[in-house]
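Single-structure report; data block below.
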Protein chains: 2
Amino acid sequence: MARAKSSSVSESAGEKVEQILKGAMQEFLAHGYAGTSMDRVAAAAGVSKATVYSHFGDKEGLFAALVEGLAKKRFKILLDIASPAGEAKIVLRQLAETLLNQVAEDAEHITFMRMIIAESGRFPNLAKIFIRHITLPVLEKLIQYLASHPELNIPDPEAAARIFLGSVVQFIIIQEILHGKEIIPLDKERMIDSLTHFMLSGAGK
Amino acid sequence: MARAKSSSVSESAGEKVEQILKGAMQEFLAHGYAGTSMDRVAAAAGVSKATVYSHFGDKEGLFAALVEGLAKKRFKILLDIASPAGEAKIVLRQLAETLLNQVAEDAEHITFMRMIIAESGRFPNLAKIFIRHITLPVLEKLIQYLASHPELNIPDPEAAARIFLGSVVQFIIIQEILHGKEIIPLDKERMIDSLTHFMLSGAGK
DNA sequence: GTCTATAGATCGATAGAC
DNA sequence: GTCTATCGATCTATAGAC
């Protein structure tokens, strides 16, 4: 019952590593990089501090490993969202809807975004991992969609995709991350309606 | 030459206070909240640590005073930008242009935005000060402008204003704060063109 | 009011036993 | 590999001299 004290078998291959990553994620998301101590990471992971150091070298190495893993996870989620099919009016509406509902309600995602921005000064490479693995693929999918539907009459698909996703993400940042919904409330549906309205404004109807 | 050792006159009313605020801003912008020590603030301000504490109580009080001051300064700058006059096409283009050029090139403003987002989890009130003093006034001016020009045929000025400013701000966040311009470069002019295109899409031309 | 000096806690990182 | 114990530095905050 109590965990094997281990002697030879070494059944716990990457077991402690995952414990550490999980505990570290918890602490970094809660307190940011500078605000997180290695003692607390070790405690949250249920291992000793020395074990943490033996696996990840130092605090920065642990943080980098953590963010890369999270970015890949988020990458998957968002790419599933952005698989377009059907009429433009419906596709665009659904994309905005899913982003606003899925992301805005996901507290961990919110906190993750906050942390990436927070540490983007000291850790530019982590921000770039985020851009490369999350922002860029979603943007590219949308650009491709807009460009392959000439009936929409969009003069610059790349810029339009930026406007579309930028509006949605910034809405989430203001309402959720910066707690703006208590000060400037605005229904998600109205954002969705207006976004699709502008995107379809050039269509022949 | 050397500063008066002071004995009675007390010419330095809020002199040290301003020194402290200046030094603190420097340190907080460079290292974030948790990453900044009161020793370094005192050193950067050229005063003793005890003096810092006597004026601002504790670290959080100092941070709050700092952010409130910055918010008011930013508020002024952005409100000057958002004073609309003239034809819609030109007014909107100029607003986007000024925001993109003025804000994107202002390293201090970039860093300030990063810090506000970074600390918005632990210090929600600071984020709210930012929203109330900066985001809200600019948003309101734009809403008022859009609403008072019915020839633009904008169905929901509040949502449209969000889209306009959200696109611009998120563009700055991705390109500048998250270092995205090295990965997804995009000319500001194309953003401006597309933004005005969408906003004017309902006008009778 | 402003300083020096320091208390008391916590930090990142490591040595050494097992 | 993983642990305990600890080092030396640094942290926030304060006491006491001037």
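Naming convention: chains lettered A, B, ... in sequence-line order (proteins, then strands); numbering from 1 in each chain.
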Sequence neighbours excluded, the answer for ring pair (Phe, Tyr, Trp, His ring centres under 6.0 Å) partners of A/His149 is A/Tyr145
Over all strands shown, is B/Ser37 touching base, sugar-phosphate only, or nothing at heavy-atom distances under 4.0 angstrom? sugar-phosphate
Whole-Å distance, B/Glu15 CD to C/dG1 C1', equals 13 Å
Hits for salt bridge (charged side-chain N to carboxylate O under 4.0 Å, His left out) against A/Asp58, two or more places apart or cross-chain, chain-then-number order -> none
To the nearest angstrom, the NE2-P distance between A/His31 and C/dT10 comes to 13 Å
Would you tabulate the pairs of protein nitrogen or oxygen atoms and nucleotide nitrogen or oxygen atoms of nucleotides 13-16 of chain D closer than 3.5 angstrom?
unit_1, atom_1, unit_2, atom_2, d
D/dA13, OP2, B/Tyr53, OH, 3.1
D/dA13, OP2, B/Lys59, N, 3.3
D/dA13, N7, B/Lys49, NZ, 3.4
D/dA13, N6, B/Lys49, NZ, 2.4

note: A/Leu62, atom CG; C/dA13, atom C1'; distance rounded to Å ~ 14 Å
Would A/Leu99 and A/Val169 satisfy side-chain contact (heavy atoms from CB on, under 4.5 Å), going step by step from the backbone distance to the final call? CA-CA 8 Å; A/Leu99 278 171; A/Val169 173; over 6 Å; no
For B/His179, the ring pair (Phe, Tyr, Trp, His ring centres under 6.0 Å) test, sequence neighbours excluded, returns none
In whole angstroms, the gap separating C1' of C/dA13 from NE2 of A/His55 amounts to 16 Å
| Contact under 4.0 Å: A/Thr51 side-chain N or O vs D/dC3 OP1/OP2 | yes
When rounded to whole Å, the CZ to P distance for the pair A/Phe56 and C/dT14 reads 16 Å
Sequence neighbours left out, cut at 3.5 Å: what donor-acceptor pairs do the side chains of residues 118-130 of chain A make with other protein atoms?
unit_1, atom_1, unit_2, atom_2, d
A/Glu119, OE1, A/Arg122, NH2, 3.2
A/Glu119, OE2, A/Tyr33, N, 2.9
A/Ser120, OG, A/Ile117, O, 2.7
A/Ser120, OG, B/Arg114, NH1, 2.7
A/Ser120, OG, B/Ile177, O, 3.3
A/Arg122, NH1, B/His31, O, 2.8
A/Lys128, NZ, B/Glu182, OE1, 2.7

Separation of C/dG12 atom C1' from A/Phe28 atom CZ, nearest Å, is 12 Å
By side chain to side chain donor-acceptor pair (under 3.5 Å), B/Glu108 pairs with (sequence neighbours left out) B/Lys73, B/Arg74
